[in-house]
Each structure stands twice: as structure tokens, then as C-alpha cells.
Amino acid sequence: MLRNSVTIGQYLPGESPVHRLDPRTKILGVLAYVIILFLVKDFLGYGIMAIITALTASAARIPVKMLIRGLRPVLFIIILTVALNAIMTPGEVLYRLGPLAVTREGLFQAAMMACRLLLLIVTTSMLTLTTAPIDLTDGLEYLMGPFRRIGVPAHELAMMMTIALRFIPTLLDEAERIMKAQMARGADFQSGGFVQRAKSMVPLLVPLFVSAFRRADDLALAMEARCYRGGEGRSRFKILRLGSRDVAAGVFMAAGFAVALVV
Amino acid sequence: MPIALENVTYVYAPDTPWEQEALSGVSVEVQDGDFLGIVGPTGSGKSTLIQHMNGLLLPTHGRVLVDGEEVGKDRKALRALRRKVGMVFQYPEHQLFEETVEADIAFGPKNLGLDSDEIAERVRWAVTSVGLPDDILERSPFELSGGQMRRVAIAGVLAMRGTVLILDEPTSGLDPRGRAGLVEQLKRLNRAGITMIMVSHSMEDMAQLVNRIVVLSEGKVVIDDSKRAVFSRLEDLANLSLDVPRVTNVMLEMRRAGLPVPLDVLTVNEGIEALCQVLRGSDIVEE
Ligand SMILES: Nc1ncnc2c1ncn2[C@@H]1O[C@H](COP(=O)(O)OP(=O)(O)O)[C@@H](O)[C@H]1O
Ligand SMILES: [Mg+2]
């Protein structure tokens with residue numbers, strides 16, 4: 001199933017303490033995490049960061065399988081980065097193959113890169129796994145609020161993201177259905193060379209776009225029928241409030257990040 | 001080409017939090033020339049079931065035999081199977097993509113590697129079979145009415161010239177006339193020797209078309225019997241929130257009101273005849 005192989009942007013409903021955190025806490029936490037990840041320069045630091053991730057994952061009760069599944073689609077990028085780092089970094093040569101040389105520094109760099117990417121992906125996917133899309137965009141809208149003054153369309157951006165997240169699974173299902181329908185007419189999406197395969201996508205892509213536009217039309221109409229006219233003066237159904245849980249999470253993260261930076 | 005599902009269980013998204021057993025231990029048999037109807041509430045596994053019949057889904061447990069061969073043993077056989085067992089999905093008009101109706105219907109035959117004469121011949125045959133005029137071939141499928149698009153899409157599957165045709169709710173969303181026309185054409189295709197399997201919510205369609213009905217509920221077969229036998233089990237059907245044809249209901253009401261009419265009446269014509277007979281036999285008419 002197409003839908004089950006894509007974990008990015010997927011929400012895993014739950015009642016864990018992490019699920020119940022204010023989305024803003026989680027967004028800022030992940031943001032800080034990513035920044036620290038790029039400041040940390042040694043394996044001990046990565047170790048600490050990995051511990052923070054592991055503790056959060058277990059508090060969120062996310063099965064390890066889910067996290068690993070989420071890595072599959074980006075595995076290729078990780079391998080490519082590691083390989084490039086290993087051969088492109090100048091330094092003490094360990095192994096030579098024609099014009100390519102694997103250096104000690106290169107290997108070190110590659111290992112660092114791998115740690116960084118793995119932690120980055122796992123931790124960011126944890127954000128979407130534990131936060132309902134609506135809460136996520138709500139949080140983003142709040143956080144972007146102050147930038148409205150300099151012309152950032154906070155509400156519109158948040159609404160666009162809500163809609164995009166909402167429709168990813170729908171369109172994946174749709175793609176699967178169309179693919180099956182064309183397969184029933186003898187279409188072959190799997191074999192052939194690159195050009196052949198690209199061509200074979202036409203019977204999938206045309207109906208998919210047609211249906212996406214139809215859905216967009218329907219949605220726009222439905223929103224207007226309910227008097228939607230942008231964020232101006234729009235009241236909120238759900239008001240975000242920081243609680244003691246968020247303070248605790250903040251302290252935990254601050255402590256973790258400080259340790260990771262110092263060691 | 002008989003199709004047999006033996007104790008088929010199908011699980012969507014196994015080993016994830018979204019795991020869902022859509023079929024549990026389903027056994028169904030389809031003989032050559034059959035017109036099998038599949039009914040059941042939404043989510044009972046009807047669409048999942050039919051996708052096993054041409055290898056679009058392979059059972060998690062159990063097996064599917066087509067012509068005595070187990071489906072899924074090798075990939076090449078799978079493609080051959082899909083040629084022989086045509087599948088019209090729900091809202092098939094959503095799969096149209098070509099610039100002209102002709103090119104869209106020709107998509108299947110082209111994938112079979114046929115020569116252009118044969119393709120043209122099949123396109124014309126298919127378009128006539130679904131009751132569309134020839135001059136529609138040059139038009140864009142996207143400018144047609146919903147009912148016409150539906151027919152074009154069905155023609156696209158027919159052009160594969162399979163010996164079995166599976167349809168998932170083919171009449172849903174059509175106006176009464178479009179529906180009646182389509183029912184008529186499906187009947188004719190079955191008479192021409194194509195084995196038909198149809199999922200439908202419309203008991204009217206079932207009454208007119210099928211000879212056997214399988215009732216699914218929560219992924220299990222709860223009834224598998226002849227059409228008349230199924231429609232006579234009114235309470236069982238009501239418990240599954242399924243209807244019987246309206247004529248059958250009218251007969252039931254008349255019986256309750258004291259008229260000795262038969263209950264196994266499925267079409268309006270049968271109803272009229274049965275009623276006339278009862279009235280002639282009694283003295284109500286003479287009064
Ligand atoms: N692609 C899919 N991925 C996950 N679950 C699915 C998928 N398709 C159907 N299901 C689930 O399987 C069950 C049976 O669905 P389906 O066969 O479509 O029923 P019906 O056609 O009778 O309405 C439903 O509970 C549905 O949610
Ligand atoms: Mg269905």
C-alpha cells in the first residue's frame with residue numbers, strides 16, 4: 001500500500017504526554033534540536049542528542065518499527081551523502097581506487113554526517129507523528145504571528161499547510177486506485193527503461209491532476225459557502241495554552257541541549 | 001474460466017497501527033456464465049474481495065484459483081490474468097486520461113500489443129456495446145456528461161475482451177435513465193457469454209441482473225444463495241441494513257393487508273402478473 005510506505009507527515013494518534021504537549025513547544029523544541037545538531041561537533045554530543053530522541057520516542061510510545069520505516073525513503077540520500085563525504089574530503093589516504101581516495105578525515109566526516117541526518121529525520125518525523133496536522137498548523141500560525149507585521153501571511157501559510165497535509169493521504173489513495181485501474185487495462189508501471197517508465201506515468205498523472213483540481217474546486221466552494229474569507233477577524237475554536245507539562249518539556253530539552261553542547 | 005476463493009483472509013497495512021482485516025476466511029465460487037452479485041454495507045470488504053479475482057490484491061492467507069491455477073505464483077501469469085478478467089472500478093470515469101475517447105478506449109488493446117486494425121475494430125465494438133454513438137470517438141472524454149464518461153470508461157475495459165467482467169458499483173451516481181440503459185447493456189454482455197461479477201447497493205439492479213448473490217458483512221460471507229432465496233430472507237437483510245427491491249416490499253405490505261400474493265417477486269412485471277392472478281382468482285375484481 002502506497003499510504004503505508006510514507007511516514008513523513010503522518011500522524012499516529014495517541015494519548016502520551018508528548019502527544020498532549022502544546023504544538024508550539026514541540027515545534028520550537030525540534031527547531032532548537034536541529035540547530036544544536038549542526039553545532040555539535042563530536043560523537044559524544046551526538047550520543048547525548050540520540051538519548052534525547054530515544055527518551056522522547058519512548059515517552060511518546062512510538063514503536064521503533066515506525067521510526068525505522070520512516071527512514072526507508074531517505075536511505076538513498078543518506079548513503080549518497082556518506083559516500084560523497086568519504087571520498088571528497090582531503091586528508092590521510094586509507095584506501096585508493098583509481099582517482100577516488102577514501103581518507104581518514106573523510107570517513108570521520110561521513111560518520112558525522114550519517115549521525116546528523118539520521119537524528120534529523122527521526123526527530124522531525126516524531127514531531128508529525130505525535131502532533132495532529134491541525135494542531136501543527138495552529139502552532140505554526142501562532143509562532144508566525146509576530147512576523148505578520150513585516151508582511152508574512154501567517155494565516156494563509158498555515159491554511160495552505162493544513163490543506164496540503166490533509167490531502168496527502170487522500171491523493172495517495174487516489175493514486176493507488178488509478179494505478180490499479182490502469183493496471184487492469186494492461187498498464188505496466190514497473191518494467192522498462194527510464195523513458196518508458198516516465199511515459200507510463202501519463203495515464204496515472206493526468207487523472208490524478210484532474211481529480212486534485214476537482215477536489216480543490218469543491219473545497220474552495222465548500223469553504224466559501226461557510227463564509228471563509230481569510231484570517232482577518234476569524235475566531236478560534238481551539239485556543240492554545242502552555243501548561244506545566246510544557247514547562248517540564250522545556251527544562252528537559254534545555255538541559256539536554258546544554259549537555260550536548262558542553263561535552 | 002471458473003474463479004474460486006478458498007478461505008481468503010486479507011489484511012491491509014499489516015504490522016502497523018492501521019492494520020485492518022478486511023476479509024476473514026472468505027470462500028466464494030464463480031462459474032462460467034454466472035452473473036454474481038455482491039452486496040453488503042459500506043466497509044464490509046466488497047471492493048477488497050473483487051480485487052482478489054484478478055490478482056490486484058493477493059490474499060494474506062488462503063488462496064485464489066482461476067481456471068484451477070493458483071493466482072500469484074508467478075508475475076507473468078498475473079498480467080495474463082488481468083487481460084482475461086476485466087475490472088471496472090468504482091467511478092471508473094476518474095481513470096480517463098487521453099485526448100480523445102477513441103485513444104482512451106484503445107489504451108487497453110494497445111497494451112496488449114494488438115495491430116491497429118484489431119484495435120480499431122475493438123474500439124468500435126466496445127463503444128457500441130455500451131450504447132454510445134460512433135461520433136463520440138473524436139471528442140475529448142473530459143467534455144462528456146458523467147453518464148457518458150462512465151460508459152467510455154467501461155468500454156475501455158471491455159475492449160480488453162476479457163471472459164470475465166467485474167464491476168464495482170457501476171450504476172452509482174447515474175440518473176434513472178442512464179442506470180436503466182447500463183443495466184440493459186450489462187444484461188446483454190452476460191447473455192453474450194461474459195461471466196459477470198457486480199458489486200452494487202441497488203437491489204433493483206440486483207433483481208434485474210444477477211442469478212446469485214453473496215452478502216458480505218464485516219469481511220465475512222453471511223449469505224451465498226440464489227437471488228430469490230436471498231430476497232426472501234427479509235429479516236436477515238434488514239439486520240444488515242440492506243433493502244429488498246421495492247416491488248418485493250410492496251408485495252409484503254399487500255400480504256400483510258390480507259392479499260394472498262406471492263413474496264418472491266423481484267421485478268415490476270412479475271409483480272403485475274402475480275397481482276392480476278390473485279385478483280382474478282378472488283372476487284374483489286367482480287365487485
Ligand atoms: N487501501 C486501503 N488501505 C487500508 N485499509 C483499507 C484500504 N481499502 C479498504 N480498506 C479497509 O478495508 C475495509 C473494507 O473496505 P472495502 O473493501 O473498500 O469495503 P466496501 O467496498 O465493502 O465498502 C474497510 O474497513 C476499509 O477501511
Ligand atoms: Mg467499495
Side-chain angles (χ1 to χ4, degrees), chain A residues 1-7 10-16 19 60-70 129-130 169-192 196 199-215, chain B residues 11-20 47 50-51 53-57 75-76 78-99 103-114 141-142 149 153-162 165-166 168:
Chain A
M1 298 297 106
L2 217 44
R3 190 173 0 149
N4 305 313
S5 57
V6 183
T7 330
Q10 204 168 44
Y11 173 51
L12 184 67
E15 286 290 320
S16 79
H19 282 83
R61 298 187 209 115
I62 301 172
V64 179
K65 246 195 214 161
M66 283 287 313
L67 290 175
I68 292 172
R69 202 189 297 261
L129 278 170
T130 61
T170 310
L171 287 179
L172 282 176
D173 281 355
E174 184 97 4
E176 189 177 315
R177 205 162 40 233
I178 297 168
M179 228 159 137
K180 279 181 177 168
Q182 307 298 26
M183 271 157 71
R185 292 207 277 166
D188 187 356
F189 294 103
Q190 266 125 36
S191 50
Q196 177 103 40
K199 262 195 186 155
S200 75
M201 293 314 271
V202 173
L204 170 62
L205 291 181
V206 173
L208 194 59
F209 272 94
V210 170
S211 114
F213 281 116
R214 189 179 49 235
R215 279 177 201 285
Chain B
V11 182
Y12 280 108
D15 302 325
T16 70
W18 298 277
E19 182 172 300
Q20 167 104 26
S47 303
I50 55 172
Q51 287 177 51
M53 295 180 170
N54 76 341
L56 282 171
L57 294 179
R75 273 179 56 102
K76 276 218 188 80
L78 221 52
R79 290 201 68 195
L81 172 65
R82 289 188 194 137
R83 288 172 187 193
K84 285 186 255 168
V85 182
M87 168 82 74
V88 178
F89 279 85
Q90 205 169 357
Y91 300 111
E93 57 272 26
H94 293 175
Q95 76 195 32
L96 301 174
F97 71 98
E98 279 283 9
E99 281 168 55
D104 209 290
I105 299 177
F107 178 67
K110 255 191 208 151
N111 286 329
L112 299 180
L114 302 172
F142 295 104
M149 280 168 95
I154 294 177
V157 177
L158 273 181
M160 303 285 288
R161 284 257 166 99
L165 185 62
I166 305 175
D168 198 348

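Chain naming here is simple, since letters A, B, ... match the order of the sequence lines and numbering starts at 1 in each. When reading the values below, keep in mind they use all heavy atoms of this one structure, side chains included, and skip hydrogens, waters and symmetry mates.
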Using non-hydrogen atoms and a 4.5 Å limit, figure out which bit of [X] sits close to chain A: side chain, backbone, both or neither.
{"X": "B:Q51", "answer": "side chain"}
{"X": "B:Y91", "answer": "neither"}
{"X": "B:M87", "answer": "both"}
{"X": "B:R79", "answer": "side chain"}
{"X": "B:L112", "answer": "neither"}

I need the residue from [options] with the largest number of non-hydrogen atom pairs under 4.5 Å to chain A.
{"options": "B:G162, B:P109, B:G108, B:G55", "value": "B:G108"}
{"options": "B:R82, B:Q95, B:R83", "value": "B:Q95"}
{"options": "B:G156, B:A153, B:A159", "value": "B:G156"}
{"options": "B:L56, B:L81, B:V85", "value": "B:L56"}
{"options": "B:V157, B:V88, B:D104", "value": "B:D104"}

| query | What distance do B:I105 atom CD1 and A:R185 atom CZ have between them, rounded to the nearest 0.5 Å? | reply | 8.5 Å
| said: Rounded at 0.5 Å granularity, tell me how far CG in B:L57 sits from OH in B:Y12. | reply: 5.0 Å
| A:E15 bridged to A:R61 by N-O distance under 4.0 Å | no
| message | Walk me through whether A:M183 and A:D188 qualify under side chain to side chain contact (heavy atoms under 4.5 Å, CB included). | response | CA-CA 6 Å; A:M183 271 157 71; A:D188 187 356; over 6 Å; no
| said: Among A:A187, A:S211, A:P13, which residue has the highest count of heavy-atom pairs closer than 4.5 Å to chain B? | reply: A:A187
| Most chain B-contacting option - heavy-atom pairs closer than 4.5 Å, from A:P63, A:A181, A:A184 | A:A181
| Taking C-beta and beyond as the side chain, do A:L67 and A:I62 meet within less than 4.5 Å on heavy atoms? | yes
| said: Does any part of the side chain of A:H19, heavy atoms only, come nearer than 4.5 Å to the side chain of A:Y11, both counted from C-beta? | reply: yes
| task | Return the set of residues passing side chain to side chain contact (heavy atoms under 4.5 Å, CB included) with B:K84 (not counting sequence neighbours), or none when no residue passes. | result | B:M1, B:T163
| Test side-chain hydrogen bond (donor to acceptor under 3.5 Å, both in side chains) applied to A:R214 - qualifying residues, sequence neighbours left out | B:H94
